[in-house]
Amino acid sequence: MDSTQLALLALLVGVIVGGSLSAVIVAALRARDRARVEQIAEVPEGVREVLHGMDDAAVVVDSSFTVLAASAAATPFELVEGSALPTEELRSLARRVRSSEAVVTETSATEDMRLRRGALPAEPRLVAVRATRISARLTLLVLRDITERERVEEMRRDFVANTSHELKTPVGAVSLLAEAIESAADDPPQVRIFAARLQAEASRLALLTSRIMNLSRLQAADELTQRDVSIDEVVASALDAHAIQADSAGVEVVRGGSRGLYVQGDAQVLSEAVGNLIANAIAYSPRGSSVGVGVKSVDGVIEIAVTDRGIGIAEGDQDRVFERFYRADPARARRTGGSGLGLSIVKHAVQRHGGDVRLWSRPGRGSTFTIRLPESAAPATEPTPKRGRKKKRTAPAKPAVAPAPEPAANGEPA
């Protein structure tokens, strides 16, 4: 083999060796880059544990908007590990904080958006979503459901607006009637008519103010008085308070069911709650009909049911009748002097006692409102005080007066 062939052979070997070394170097560089990317895309240690301990929905997504880690609360929003972000709004927010400009301008952002929580027919929920950039490829999304907060704020606005409107009507009527009485000072019959109407409007205003105060008291954080309350006393007090209304309306109120049942709570608040149900039943019942008040105990729960045979409540209104100032029949409510607060007071009073209120109603067939309260054991009867020997003395200077018996826990004499 001559020198030329040796040179060519050496050149070929060098090319092969150089190419192999280059390939090895390129492969090593690519492996290093892949390892770096995988390290960047890897969820940091401890993040999964933090997400699993969160009450809010939270997820970590990569640059392709794939969920790498998620909290348990994120599942109802269709945010599951291995799946993509379900809406363009979420992807847009994640893209915004991960963009190159975000490194300088912002690393987190918050938006309110409507997201469906659960499958159809679930209603979209108002959610505050906060996106935070963890790394160049990872983004943390935290979702907080603020639907209830929005609902409470809307209720507060409605309450203020409705209260202003409801108070404005009787106040304006009182002012006009006062002017009418002044103008008709020389006409005694007209003065009497206007005075009667003035008294009616004043009573309506007083009732409305009292109910607003009662509702505010029930919604306050103060604890109610807790003592043994006799359901018999509660029902009897409510019936007595509305006996005149029942007589005037020509409606008979019948009491039935179990007796001797007790609950823990405030007797006055419970009497007002039952009384509101009885008042509504009388107001919406035709003359000559009857209203039933039944009491029974079922599995440690006392049920007080007030049933009427009145006009009933449409199905579409049944979910709203416990809202403040809501009236299923505004025209009849105006005729009967209703304020739209009675059932709201009932609901809050019962909830403060650990119970709930249920409604059954059919238009034209009547309604049944049932108060359900946790039953309490009957209190032990206090013994009658023993009489001392001094009562056996003869010919006392003054007649001895027997001591009054101590009241039992339910307010009746022992």
Side-chain angles (χ1 to χ4, degrees), residues 29-162 219 221 319-320 323-324:
L29 292 176
R30 288 180 177 176
R32 186 191 65 180
D33 292 339
R34 283 197 300 270
R36 182 178 300 172
V37 170
E38 291 176 357
Q39 184 178 6
I40 294 176
E42 184 180 357
V43 178
E45 182 180 358
V47 171
R48 293 180 186 274
E49 289 74 10
V50 172
L51 292 182
H52 292 163
M54 293 180 63
D55 293 331
D56 293 328
V59 294
V60 175
V61 299
D62 60 12
S63 57
S64 63
F65 308 116
T66 300
V67 178
L68 303 180
S71 65
T75 303
F77 291 101
E78 300 181 0
L79 299 173
V80 184
E81 293 186 12
S83 65
L85 293 179
T87 66
E88 178 58 32
E89 290 179 301
L90 290 173
R91 293 192 289 269
S92 176
L93 182 60
R95 188 184 301 113
R96 194 172 104 197
V97 299
R98 204 186 60 249
S99 62
S100 58
E101 292 82 2
V103 177
V104 180
T105 58
E106 57 180 344
T107 58
S108 64
T110 303
E111 286 186 8
D112 293 344
M113 55 186 71
R114 297 279 179 178
L115 298 178
R116 194 176 302 279
R117 190 175 185 271
L120 290 173
E123 293 292 331
R125 310 281 292 181
L126 180 63
V127 181
V129 183
R130 183 176 182 83
T132 303
R133 184 172 61 85
I134 299 177
S135 66
R137 294 177 59 86
L138 298 181
T139 305
L140 171 67
L141 297 177
V142 179
L143 293 74
R144 175 160 295 178
D145 192 339
I146 59 175
T147 306
E148 291 302 317
R149 188 177 72 185
E150 179 193 38
R151 185 184 65 83
V152 170
E153 179 62 22
E154 184 178 357
M155 288 178 59
R156 185 191 65 81
R157 291 194 299 267
D158 291 345
F159 179 72
V160 173
N162 290 330
Q219 291 179 316
D319 292 335
R320 301 194 59 192
E323 296 179 9
R324 289 170 294 189

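Numbering starts at 1 and runs along the sequence shown.
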Side chain to side chain donor-acceptor pair (under 3.5 Å) with E89: which residues, sequence neighbours excluded?
none
Locate the shortest heavy-atom distance separating P76 from A73; write the atom from each residue and the value.
CD-O, 3.2 Å
dist R91:CZ -> S64:OG (nearest 0.5 Å) comes out at 11.0 Å
Show the numbers, then the answer: is there a side-chain contact (heavy atoms from CB on, under 4.5 Å) between V97 and T132?
CA-CA 7 Å; V97 299; T132 303; over 6 Å; no
For T139 and R133, what are the C-alpha separation, side-chain angles and deciding distance, and is it a side chain to side chain donor-acceptor pair (under 3.5 Å)?
CA-CA 5 Å; T139 305; R133 184 172 61 85; over 6 Å; no
Nearest atoms (heavy-atom pairs only) where L93 meets A109
CD1-CB, 3.9 Å
To the nearest 0.5 angstrom, please state how far the CZ atom of F65 sits from the OG atom of S92.
8.5 Å
Min side-chain heavy-atom separation T110-V129 under 4.5 Å
no
Sequence neighbours left out, what passes side chain to side chain contact (heavy atoms under 4.5 Å, CB included) with A72? Give chain and number order.
none
Sequence-distant partners of E49, side chain to side chain contact (heavy atoms under 4.5 Å, CB included), two or more places apart
none
Measure the spacing between CZ of R95 and OG of S63 and express it to the nearest 0.5 Å.
11.0 Å
Indicate every side-chain donor-acceptor pair of residues 50-58 with a distance under 3.5 Å to a residue at least two apart or in another chain.
from	atom 1	to	atom 2	distance (Å)
H52	ND1	R48	O	3.4
D56	OD2	R144	NE	3.0
D56	OD2	R144	NH2	2.7

Among V60, L79, V67, L85, which one satisfies side-chain contact (heavy atoms from CB on, under 4.5 Å) with L141?
L85
Ignoring hydrogens, what is the shortest heavy-atom contact between R116 and F77? Give both atom names and the distance.
O-CD2, 3.9 Å
Output all residues satisfying side chain to side chain donor-acceptor pair (under 3.5 Å) with R114, sequence neighbours left out; order by chain, then residue number.
E150
Check: V61 and L68 side chains under 4.5 Å, non-hydrogen atoms
no
Distance-minimising heavy-atom pair for R130 and S108
NH2-OG, 3.2 Å
Can you sort out the partners of R125 under side chain to side chain contact (heavy atoms under 4.5 Å, CB included), two or more places apart, ordered by chain and number?
R117, V127, D145, T147, E148
